[in-house]
Each structure stands twice: as structure tokens, then as C-alpha cells.
Amino acid sequence: MYKPVSDSFFKEPVLELAYRLVGQYIVHESEEGLIVARIVETEAYHGPEDRAAHSFGNRRTKRTEIMFGEPGSVYTYQMHTHTLMNVVAGPVGTPHAVLLRAAEPVVGQELMEERRGGHLKITDWTNGPGKLSKALGVTMRYYGHNWGEEPLFIAEGPGSAEIEAGPRVGIGNSGEAVHYPWRFYEKDNPFVSKYRP
DNA sequence: CGGGTGATAGACT
DNA sequence: GTCTATCACCCGG
């Protein structure tokens, strides 16, 4: 069955962690049933020097607090109707995080379709951060949870044949960081949210 | 009770 | 494929 990765998995530099997360499984043992999805797209957020991060300049509020905490913590935030999932990276005291942007359904597809309201193409279930959270049934109640513990955890997956890096999407055009290749995604995977050359 | 937080769905070309 | 109107929750005071 699916087993959580060890704590040491999260104790990598944020870019390394973002890269290694691609191809791993997100497992959610929800009340309605088991959900497993293979991550195909992530983005690294490099706390203090990254204008796109909520924690830019070490801005520390109750909301961003968790990013200063233990690697492997779950940072969720609410974006209007959508919840976005992040994995906190270390070390403690540095607000780095990895945003999970897209994944490929593996187990629990009927449940995902139901949660997404049906009538959508399968590639539209999880090919974006908000869609992914909704399909998996992840909400703010997982804020501060640990990605190494049930019922929501990262499990070792089959990996990816080929991972590419590119500039991130959906961030304001401010600062050098915009151009950094801090988005990691599986080459030619239809569940990647979009392809930007 | 006001401010902060970008992605989604669907229409259009 | 591209464009854009619309969307609600959490937090701090």
C-alpha cells in the first residue's frame, strides 16, 4: 500500500524538494474514500528574496507563520473559491515552500469526478492548483498538518521519465525572480496546467 | 467589518 | 487557443 515518505524527504533545499516532488504520490485517505494522484507540476517559492511568495521580505503573519516552521508542514491558503496546497521546505526559520500545481489521478477517479461536478474532461480535474485541491478534497482544515502523516501525505511514486524546468506562472511581474526556472513539470504530460516555452 | 489573497469556467475568435 | 468576468474564505482589528 501507500506509505508516507520519511521526514528526511522534506529536509532538502526548496528547489531540490520541488524537483523531487514531481512523480511522487499525494495520498488522501478522505472520509469518502481513498484518493491517490501523481504529482506532475510544482513551483518553488524562495521566501525572503521572492516577491511572488507571501513570505517575501520575511513577512510573518499568522497566515504565513507555518512557512517558518517544520519542513513538510502543509501550507494551505484560500483563494476565493479555491484552496491551494503547499509543502513547507526547510530549514526552520526560512519561509520556503513548494506549491503543488497539478497531478494525475491514480486512485479514486470516480470520487474526483464527483467532487469536480462531473461533465468535465479528465484533464480538467486536476490540472491546476485550485482544481487539484478540490478534486482531492483538501481544505484549510489541513493547514499545519504534516505531509508525512495520515490521512494526507506524500508517498513514494514511480517518478517521472523526464522533468523540465521553466519560469513560473500566475505570479505578478515584479522582481528578478519572475524569470527564474522554479517551476518543475513532467515533459509532455497532459495534466500539466499549461505549457509556456 | 475591511483587506488580502490569483485561478476558474466559459464565451468568443 | 485566448480573453475576461466572476468567484469566497480567513485573518486582524
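For the numbers below, each heavy atom of this structure counts, side chains included, while hydrogens, waters and symmetry mates do not.
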Between [X] and [Y], is any side-chain donor less than 3.5 angstrom from a side-chain acceptor?
X        : Y        : result
A:His28  : A:Tyr142 : yes
A:Arg115 : A:Ser30  : yes
A:Tyr45  : A:His54  : no
A:Glu104 : A:Thr126 : no

Looking only at side-chain atoms of A:His54, point me to the closest of C:dC11, B:dT8, B:dG6.
-> B:dG6
So which nucleotide from B:dG6, C:dC10, B:dA9 ends up closest to the side chain of A:Lys131?
-> B:dA9
So does A:Arg63 get a side-chain nitrogen or oxygen closer than 4.0 Å to the phosphate oxygens (OP1/OP2) of C:dC9?
-> no
Any A:Arg59 side-chain nitrogen or oxygen under 4.0 Å from OP1 or OP2 of B:dT5 | yes
When the distance from [atom1] of [X] to [atom2] of [N] is rounded to whole Å, what number comes out?
X        : N      : atom1 : atom2 : answer
A:Leu100 : B:dA7  : CG    : P     : 14 Å
A:Leu99  : B:dG6  : CG    : P     : 10 Å
A:Ile66  : B:dT5  : CD1   : P     : 18 Å
A:Arg141 : C:dC10 : CZ    : P     : 13 Å
A:Arg116 : B:dA7  : CZ    : P     : 15 Å
A:Arg60  : C:dC11 : CZ    : P     : 16 Å
A:Lys134 : B:dT8  : NZ    : C1'   : 10 Å
A:Arg51  : B:dG6  : CZ    : C1'   : 18 Å

Do NZ/NE/NH1/NH2 and the carboxylate oxygens of A:Arg60 and A:Glu65 come within less than 4.0 Å?
-> yes
For the pair A:Glu41 and A:Arg101, find out whether any cationic side-chain nitrogen is under 4.0 Å from an anionic carboxylate oxygen.
-> yes
Strand-adjacent residues in residues 72-88 of chain A, judged by heavy atoms under 4.0 Å from DNA chain C = A:Gln78, A:His80, A:Thr81
Are any side-chain N or O atoms of A:Thr42 and backbone N or O atoms of A:Ala18, one a donor and one an acceptor, separated by less than 3.5 Å?
-> yes
